[in-house]
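Predicted model, so just to flag it, every value in this text is computed and none were measured. Chain naming here is simple, since letters A, B, ... match the order of the sequence lines and numbering starts at 1 in each.
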There are 2 protein chains.
Amino acid sequence: MATDVRGSTFEPKVHLEDWKLWEQFSAVQTEMIVTKTGRRMFPGYRVKMSGMDPNAQYCVLMDISSVDENRYKFQHGEWVVAGRGEPQVPQRFYLHPNSPCSGQQWMKEIISFHKVKLTNSCGNSADGKFLIHSMHRYQPRIHIVRTDDVNTLHLQPMSTFAFPQTAFVTVTAYQNGQITKLKIANNPFARGFREDGAKTK
Amino acid sequence: MATDVRGSTFEPKVHLEDWKLWEQFSAVQTEMIVTKTGRRMFPGYRVKMSGMDPNAQYCVLMDISSVDENRYKFQHGEWVVAGRGEPQVPQRFYLHPNSPCSGQQWMKEIISFHKVKLTNSCGNSADGKFLIHSMHRYQPRIHIVRTDDVNTLHLQPMSTFAFPQTAFVTVTAYQNGQITKLKIANNPFARGFREDGAKTK
DNA sequence: GACCTTCTCACCTACGTGTTAAGC
DNA sequence: TCGCTTAACACGTAGGTGAGAAGG
């Protein structure tokens with residue numbers, strides 16, 4: 001916990017945006033498509049900050065960590081363990097492009113990671129792409145580092161936040177029809193597949 | 001000029017991309033549209049770096065400076081001075097989003113400012129938008145600062161580069177028909193106005 | 001009227017969707 | 001056959017063009 005010059009303390013907190021949507025997906029076990037070229041997550045990962053020192057500099061990072069060491073399969077309408085998964089490799093961090101930036105700035109606006117992509121091809125890894133395995137469970141995480149020095153980030157203490165309702169199983173094609181329905185109903189880019197003429201954004 | 005630990009010297013140089021295209025426009029006096037919401041420049045401003053210290057950190061900036069204090073008009077097929085222009089205000093710098101970054105990284109790829117926009121409305125100024133007056137001459141410039149500290153940029157020595165063939169007159173509607181033809185012939189977004197079925201990108 | 005600005009429009013690029021069929 | 005992956009596709013969103021009409 002950091003202390004400013006006057007002695008009062010700051011404890012950064014992270015608030016998940018669109019949590020109602022995330023919970024709708026989570027209730028039927030969220031699936032995320034992974035492709036060679038990279039696929040966005042939906043819902044998009046967006047958060048709000050509070051409790052930061054307005055005058056201090058922070059870096060905000062994201063990563064996607066393995067939930068366990070299992071491989072999964074979708075059988076008889078549910079996800080079950082299907083043997084040992086791929087070895088967990090420490091995931092590279094994605095540094096939010098606004099970093100470094102003052103606490104005041106971070107707290108002012110929604111911090112979006114919606115451009116992040118999931119890929120299953122080493123060759124196509126680039127900034128903003130997470131290399132992960134299909135049929136595995138993952139958990140996105142947010143990290144906050146109180147520093148203005150991007151180069152020594154790895155040496156600094158880090159606060160980590162994770163929201164259980166954002167965990168997901170990776171797939172190359174949707175397994176659960178309910179997930180497909182939720183994606184089509186809520187993702188504007190999938191509007192072409194809606195049966196009704198819903199105009200809701 | 002900077003010196004590294006072994007005593008050898010580095011002198012960053014900037015190379016303009018698409019210079020042939022820029023010169024085609026320049027030959028008939030380049031015009032750039034300026035709008036309330038902001039309009040991109042075409043050709044896009046792109047450069048390559050060389051001569052940097054691969055291991056040093058640099059920031060790269062862009063600005064758009066007034067060429068003179070005149071207002072211009074297009075008369076009898078050419079641009080002529082039409083009285084005193086608006087007072088020159090020091091232009092805000094646009095910090096390239098990759099900043100700060102190592103010389104090695106900067107030199108590896110083309111550095112693009114194609115998303116920069118020109119606006120004539122104060123209200124709509126935002127990051128990546130330059131507020132400038134219509135019917136004035138301007139000159140884009142590149143600045144290189146050897147530092148990894150974005151916060152003290154203004155205190156550091158700066159190397160400035162400008163390419164005369166990228167100077168332009170601002171307009172709210174094209175004045176010279178030859179400019180319109182060149183824009184339509186070369187800008188992919190204007191392909192709808194090409195008479196032939198040219199597929200050239 | 002002459003000159004400049006603003007707005008709406010059709011038409012394009014670029015790319016995010018799930019679908020489907022083919023591949024392994 | 002079965003399970004999973006890939007690539008081409010139609011159909012969206014999002015936004016960059018100059019044209020042309022309207023406004024000042």
Checklist line | Distance, rounded to the nearest Å, where R40(B) contributes CZ and dC12(C) contributes P | finding: 18 Å
Notebook entry, point to check: How close or far is atom P of dT13(C) from atom CG of N186(B), stated in whole angstroms?
Noted result: 15 Å
Margin query: Between C1' on dG18(C) and CD1 on I179(A), what's the gap in Å once rounded to a whole number?
Written below: 14 Å
Next item on the list: Indicate, with a heavy-atom threshold strictly under 4.0 Å, whether K181(A) touches base, sugar-phosphate, or nothing.
Entry: nothing
Checklist line | Nucleotide paired to dG15(D) in any strand shown, Watson-Crick or G-U, under 3.5 Å | finding: dC12(C)
Next item on the list: Measure from CE on M135(B) to C1' on dT6(C) and round the result to the nearest Å.
Entry: 13 Å
Item checked: Rounded distance in Å - CG (N176(A)) to P (dG3(D)) -> 15 Å
Item checked: Distance flag, aromatic centroids of F93(B) and H143(B), threshold under 6.0 Å -> yes
Notebook entry, point to check: Taking atom P of dC3(C) as reference, at what distance in whole Å does atom CZ of F74(B) sit?
Noted result: 12 Å
Notebook entry, point to check: Are W19(B) and F163(B) close enough that some pair of their side-chain heavy atoms sits under 4.5 Å apart?
Noted result: no
Next item on the list: Using heavy atoms to find the nearest nucleotide of DNA chain D for F189(A) and F193(A) separately, return the residue whose nucleotide is more 5′.
Entry: F193(A)
Notebook entry, point to check: Is the shortest side-chain N/O distance from N120(A) to OP1 or OP2 of dT6(D) below 4.0 Å?
Noted result: yes
Notebook entry, point to check: Looking at E23(A), R141(A), Q139(A), which hits side-chain hydrogen bond (donor to acceptor under 3.5 Å, both in side chains) with T166(A)?
Noted result: Q139(A)
Check: Taking only side-chain nitrogens and oxygens of K36(B), does any of them come within less than 4.0 Å of OP1 or OP2 of dT5(C)?
Finding: no
Notebook entry, point to check: To the nearest Å, how far apart are E195(A) CD and dT19(C) C1'?
Noted result: 13 Å
Notebook entry, point to check: What distance separates Q105(B) CD from Y58(B) OH, expressed to the nearest 0.5 Å?
Noted result: 14.0 Å
Checklist line | Centroid separation Y45(A) to H114(A) less than 6.0 Å | finding: no
Check: When you check the phosphate oxygens OP1 and OP2 of dG18(C), does a side-chain N or O of R39(A) lie under 4.0 Å from one of them?
Finding: yes
Next item on the list: For dT6(D), take OP1 and OP2 only and decide whether either is under 4.0 Å from a side-chain N or O of T35(A).
Entry: no
Margin query: Rounded to whole Å, please give me the gap between NE2 in H133(A) and P in dC4(D).
Written below: 16 Å
Notebook entry, point to check: For T180(B), which contact category applies under a 4.0 Å heavy-atom criterion: base, sugar-phosphate, or nothing?
Noted result: sugar-phosphate
Next item on the list: Please determine, for the side chain of I184(B), which listed nucleotide (dT5(C), dA19(D), dC4(D)) has the closest atom?
Entry: dA19(D)
Check: Is the distance from OP1 or OP2 of dG16(C) to the nearest side-chain N or O of K115(A) less than 4.0 Å?
Finding: no
Margin query: Which nucleotide wins on minimum distance to the side chain of T172(A), given the candidates dG16(C), dC4(D), dC4(C)?
Written below: dC4(D)
Next item on the list: Would you mind telling me which residue lines up with the more 5' stretch of DNA chain C, Y174(A) or K73(B), judged by nearest nucleotide?
Entry: K73(B)
Margin query: Keeping H136(B) on the side-chain end and E86(B) on the backbone end, is there a donor-acceptor pair under 3.5 Å?
Written below: yes
Notebook entry, point to check: Counting only side-chain N and O atoms of R191(B), is one of them less than 4.0 Å from OP1 or OP2 of dT13(C)?
Noted result: yes
